[in-house]
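Before any comments, here is the structure.
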Amino acid sequence: MSNIIVKSEWIKVWSDNGIGWVQLNHDNKLNPLSAGFILAIKEAAEKFDIDPSIGCIVLIGSEKAFAAGADLKEMVKHNFASVSESRYIENGWLDIPKIQTPIIAGVKGYALGGGCELAMMCDFIVASENARFGQPEINIGAIPGAGGSQRLTRSIGKSKAMLAVLTGDMITASEAEISGLVAKVFSNDEFDECLKEIALKIANKSKPLAKLAKQAVNVAYETTLEEGIRSERALFYSTFALDDHIEGMEAFSEKRKPVWKNK
Ligand code: CO8
């Protein structure tokens, strides 16, 4: 971990209207994910996560690819001892799902292997019609390693996940939308505008409420229905402690838009 150089120069970061944009901007437009690159992505997202002006984070890639997977030129140098000793997956990857602010993956082009896994670590995926998803690791002597076999299966079911993981074949944007991997697909022309519109809608919600809502949905992913229902109820009750709960209720009665205090 200590000798990994964080590749911040491959990340473009900007914010507007409460949206924190993190663009994967590698010299290779396929955005191969090396250890230093993933740490830079994680650090950029974490900075937005603790920025009180940000209500939604959006991860995007290039026109050609969100990310075409692990950097195979880096991975080829590894052996069993070095992947375990360097904590190849633990560094960076495992922190991205811990982001509390809503985070969207905006996918154009390829999202393959680690790229598909990174997109699935976000809260949901919005894709352009040219997007292609896949877990092709089986074709390069590996299997998914950053949660792909688990998140893809939970997202699209065992049968479709098995087909993808065992053949390594790509899934088109429309197939991904039908199977639930992707929340929305937009035409290539409309994509940027529509992605921004969704992010803006989320960024304009009460920030603590959005975080509680995200937490509630995530529990469904991680536990039994009974536990999830219990957890949702506790989170629901906790909304009553927020000024924004009172504001939301009052705004409804007064037939006006709520003005969130974010507390
Ligand atoms: N890593 C490094 N370099 C890559 C990668 C990659 N994943 N993908 C492509 N490149 C390089 C190519 O070698 C080529 O370099 P050069 O110009 O020096 O020859 C350049 O990018 C352009 O590539 P192509 O000519 O192949 O571009 P095409 O448009 O013809 O094809 C594809 C695009 C379909 C994306 C094709 O490049 C491809 O199949 N790439 C490999 C995809 C893949 O197998 N991804 C899975 C990798 S394994 C993985 O992700 C495991 C995840 C485990 C956790 C992650 C831990 C870090």
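Both counts, for ligands and for their atoms, begin at 1 and track the order of listing. Keep in mind that this is a model prediction, so the values were computed, not measured. Hydrogens, waters and symmetry mates are skipped; everything else that's a heavy atom, side chains included, is used.
Residue Ile140 touches ligand 1 through its side chain alone, judged by heavy-atom distances below 4.0 Å.
Partner of Glu247 under the salt bridge (Lys or Arg N to Asp or Glu O under 4.0 Å) criterion, chosen from Arg256, Lys261, Lys263, Lys257: Arg256. None of Val165, Ile138, Leu152 except one satisfies the side-chain contact (heavy atoms from CB on, under 4.5 Å) rule with Pro144; the exception is Val165.
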(request) Apply salt bridge (Lys or Arg N to Asp or Glu O under 4.0 Å) to Lys98 and Asp49, showing your working. (result) CA-CA 10 Å; Lys98 293 181 193 157; Asp49 195 27; over 6 Å; no
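Checked by distance only, ligand 1 and Ala146 stay at 3.5 Å or farther apart across all their nitrogen or oxygen atoms. Considering backbone and side-chain N/O atoms, Lys73 comes within less than 3.5 Å of an N/O atom of ligand 1. Between Gly114 and ligand 1, at least one N/O pair is under 3.5 Å apart. Note: no N/O pair closer than 3.5 Å links Gly113 and ligand 1 by distance alone. In terms of polar-atom proximity, Leu30 is not counted as a contact of ligand 1, lacking any N or O under 3.5 Å from an N or O of the ligand.
Closer than 4.0 Å to atom 5 (C) of ligand 1 lies none of the heavy atoms of the protein. Checking atom 26 (O) of ligand 1 against the protein gives no heavy-atom contact under 4.0 Å. For atom 44 (O) of ligand 1, a protein heavy-atom neighbour is found at a distance under 4.0 Å. Within a 4.0 Å radius of atom 40 (N) of ligand 1, the protein contributes no non-hydrogen atoms. For atom 17 (O) of ligand 1, the protein comes within 4.0 Å by no heavy atom at all. For atom 36 (C) of ligand 1, no protein heavy-atom neighbour is present inside the 4.0 Å cut-off.
When only non-hydrogen protein atoms are considered, atom 31 (O) of ligand 1 lies nearest to Tyr110 OH, 4.4 Å. When only non-hydrogen protein atoms are considered, atom 42 (C) of ligand 1 lies nearest to Ala68 O, 3.4 Å. Protein heavy atom nearest atom 21 (O) of ligand 1, with residue, atom name and distance: Asn28 ND2, 2.9 Å.
Under a 4.0 Å heavy-atom criterion, Glu117 is in contact with ligand 1. Taking 4.0 Å as the cut-off, Lys64 counts as a neighbour of ligand 1 on heavy-atom distance.
Linking Ile, Leu, Val, Met, Phe, Trp and Tyr residues whenever their side-chain heavy atoms come within less than 4.5 Å places Ile103 and Val22 in a single cluster.
Which parts of ligand 1 touch Gly69 is read off a 4.0 Å heavy-atom cut-off, strictly below it: atoms 50 (O).
Under the 30°/60° scheme for interplanar angles, the aromatic rings of Trp14 and Trp21 are found to lie parallel.
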